Amino acid sequence: MFWKYLSDTWDHTHQIFLKENEGLGLSVEEADEVEYSNYQTFKIPLIFPGTVAESRASWSSILSTVAQHGLGPAGARFPPGHRVGQP
């Protein structure tokens with residue numbers, strides 16, 4: 001839950017930064033410098049940096065990659081011939 005708290009705090013602060021600095025025409029490097037010197041107190045690291053799949057390692061990003069067991073086709077969790085309710 002601490003990770004979720006950190007992620008939510010970072011996201012909230014990032015939204016404030018975006019709103020307060022909208023339209024300034026900052027480069028990526030300038031925006032990073034302003035955000036981390038004036039707004040954020042910690043960084044959420046990137047996962048898959050430098051690729052198309054690059055994103056922050058936030059709670060929601062990681063949660064979306066977790067397999068949700070039991071959401072596949074009916075009976076997919078059981079061996080062939082097994083009926084639900086049987087041991």
Side-chain angles (χ1 to χ4, degrees):
M1 292 313 299
F2 184 64
W3 184 9
K4 181 175 182 343
Y5 169 77
L6 289 177
S7 293
D8 289 350
T9 300
W10 190 93
D11 287 338
H12 176 74
T13 306
H14 182 65
Q15 291 305 313
I16 291 171
F17 161 75
L18 292 175
K19 184 177 180 182
E20 291 181 359
N21 295 280
E22 184 177 24
L24 292 180
L26 299 173
S27 69
V28 173
E29 293 81 17
E30 291 169 330
D32 193 60
E33 177 66 29
V34 170
E35 182 169 12
Y36 286 102
S37 63
N38 299 332
Y39 292 86
Q40 300 290 3
T41 56
F42 56 89
K43 283 192 177 196
I44 302 288
L46 295 174
I47 52 175
F48 308 117
T51 68
V52 175
E54 178 179 287
S55 65
R56 297 236 170 253
S58 65
W59 176 264
S60 58
S61 294
I62 301 302
L63 188 61
S64 69
T65 67
V66 175
Q68 296 184 15
H69 301 288
L71 296 180
R77 295 174 292 163
F78 302 102
H82 185 275
R83 290 186 291 177
V84 176
Q86 288 186 333

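Note that these values count all heavy atoms, side chains included, but never hydrogens, waters or copies made by symmetry. For clarity, every value in this text was computed on a predicted model and none was experimentally measured.
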Quiz item: Is any side-chain heavy atom of Leu46 less than 4.5 Å from a side-chain heavy atom of Arg56?
Solution: yes
Quiz item: Do His14 and Glu35 get their side chains close enough for a donor-acceptor pair, meaning under 3.5 Å?
Solution: yes
Quiz item: Between the side chain of Glu33 and the main-chain N/O of Glu30, is any donor-acceptor distance below 3.5 Å?
Solution: no
Quiz item: Hydrophobic cluster mates of Ile44, side-chain heavy atoms under 4.5 angstrom, ILVMFWY only, any path?
Solution: Phe2, Tyr5, Leu6, Trp10, Tyr36, Phe42
Quiz prompt | Trp59 to Ser7 - nearest heavy-atom pair and separation | solution = N-OG, 2.8 Å
Self-check item: Counterpart residues, side-chain contact (heavy atoms from CB on, under 4.5 Å), relative to Ser61 (two or more places apart)
Solution: Ser55, Ser58
Quiz item: Does any pair with a residue in residues 7-16 pass salt bridge (charged side-chain N to carboxylate O under 4.0 Å, His left out), and if so which ones, sequence neighbours excluded?
Solution: Lys4-Asp8
Let me have the donor-acceptor pairs involving side chains of residues 16-26, under 3.5 Å, with sequence neighbours excluded, atom names and distances please.
residue, atom, partner, partner atom, Å
Glu20, OE1, Tyr39, OH, 2.6
Asn21, ND2, Phe17, O, 2.9
Asn21, ND2, Tyr39, OH, 3.2

Practice problem: Can you sort out the partners of Pro45 under side-chain contact (heavy atoms from CB on, under 4.5 Å), two or more places apart, ordered by chain and number? | Solution: Ala57
Self-check item: Qualifying residues under salt bridge (charged side-chain N to carboxylate O under 4.0 Å, His left out), relative to Asp32, sequence neighbours excluded
Solution: Lys43
